[in-house]
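Worksheet: the structure to be examined is printed underneath.
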Amino acid sequence: QVQLVESGGGLVQSGGSLRLSCAASGSIFSVNAMGWYRQAPGKERELVATITSGVITNYADSVKGRFTISGDNAKNTVYLQMNSLEPEDTAVYYCFANLKTVLFLRANDYWGQGTQVTVSS
């Protein structure tokens with residue numbers, strides 16, 4: 001049983017910053033990748049950023065240069081530093097982890113509950 005707990009969402013003015021955190025807990029054997037999706041009303045869920053093997057990062061073009069993903073391997077935690085936020089960034093942000101548990105040694109995807117990010121003009 002794996003649980004992902006997110007924090008850091010909120011309301012911010014355009015041009016401001018937020019830092020999201022997501023901690024995975026449980027009987028984790030290894031983490032392959034963690035990252036963030038987001039979904040705005042009326043839009044498809046889209047991939048924002050990923051970090052693989054703790055070092056390799058990828059970003060959506062829409063956030064590249066503004067967002068930074070990082071991880072704390074010892075704590076199975078991923079962060080998303082969001083700078084220069086725009087109203088278009090308003091969405092529910094969902095953390096995910098692709099990992100193996102001690103009980104079941106095949107990688108599966110796990111999801112957080114989502115955290116609301118609202119950027120006002």
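All residue numbers in this chain count up from 1 along the given sequence. What you are looking at is a predicted structure, and each value in this text was computed from that prediction instead of being measured. Below, each value reflects all heavy atoms present in this structure, side chains not excepted, and no hydrogens, waters or symmetry copies.
With hydrogens and angles disregarded, a donor-acceptor distance shorter than 3.5 Å links the side chain of Tyr59 to the backbone of Ile69. At least one donor-acceptor pair under 3.5 Å links the side chain of Glu6 to the backbone N or O of Cys95. Checked by atom type and distance alone, the side chain of Ser84 never pairs as donor or acceptor with a backbone atom of Gly15 at under 3.5 Å.
A heavy-atom distance below 4.5 Å is not found between the side chains of Leu20 and Val78. Here the side chains of Val48 and Phe67 are in contact, with some heavy-atom distance below 4.5 Å. Inter-residue side-chain proximity for Leu85 and Leu18 is flagged as met; some heavy-atom pair is nearer than 4.5 Å.
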Item to check | side chain to side chain contact (heavy atoms under 4.5 Å, CB included) evaluation trace for Arg38 with Lys43 | outcome: CA-CA 10 Å; Arg38 67 184 181 186; Lys43 300 188 68 176; over 6 Å; no

Next on the checklist: Please evaluate residues Met82 and Asp89 with respect to the criterion side chain to side chain contact (heavy atoms under 4.5 Å, CB included), reporting the C-alpha separation (whole Å), side-chain torsions for both, the decisive distance (0.1 Å), and the verdict.
Outcome noted: CA-CA 9 Å; Met82 304 184 293; Asp89 297 314; over 6 Å; no

Next on the checklist: Run the side chain to side chain contact (heavy atoms under 4.5 Å, CB included) test on Phe29 and Leu99 for me, step by step, so that the C-alpha distance in whole Å, both residues' side-chain angles and the decisive distance to 0.1 Å come before the verdict.
Outcome noted: CA-CA 7 Å; Phe29 179 76; Leu99 56 83; over 6 Å; no

Checklist entry - Going through the checks in order, is the side chain to side chain contact (heavy atoms under 4.5 Å, CB included) test met by Thr68 and Leu80? => result CA-CA 6 Å; Thr68 302; Leu80 186 67; over 6 Å; no

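Closest approach of Ala33 to Thr52, counting heavy atoms only: CB-OG1, 3.8 Å. The two residues Val117 and Gly9 come nearest to each other via the heavy atoms CG2-CA, 4.2 Å.
In summary, the side chains of Gln13 and Ser120 do present a donor paired with an acceptor at a separation below 3.5 Å, with no hydrogens or angles considered.
For Lys75, the salt bridge (Lys or Arg N to Asp or Glu O under 4.0 Å) test picks out no residue, with sequence neighbours left out. By the side-chain hydrogen bond (donor to acceptor under 3.5 Å, both in side chains) test, Gln116 is found to be paired with Thr118, residues two or more places apart in sequence or in another chain being considered.
Here the CG-CD1 distance, from Asn58 to Ile51, works out to 10.0 Å after rounding to the nearest 0.5 Å. One finds the CG atom of Asn73 at 10.0 Å from the CE atom of Met34 (value rounded to the nearest 0.5 Å). Atom CD of Gln81 is separated from atom OG of Ser21 by 9.5 Å, given to the nearest 0.5 angstrom.
When ring centroids are compared, Tyr37 and Phe96 come within the 6.0 Å threshold.
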Show me the donor-acceptor pairs within less than 3.5 Å that the side chains of residues 101-113 make with the rest of the protein, sequence neighbours left out.
unit_1, atom_1, unit_2, atom_2, d
Thr101, OG1, Phe104, N, 3.0
Thr101, OG1, Phe104, O, 3.3
Asp109, OD1, Asn98, ND2, 2.7

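Linking Ile, Leu, Val, Met, Phe, Trp and Tyr whenever their side-chain heavy atoms come within less than 4.5 Å puts Val12 and Trp36 in one cluster.
Because its NZ or CZ atom is both nearer than 6.0 Å to the ring centre of Tyr94 and within 45° of the ring axis, Arg45 counts as a cation-pi partner of that residue.
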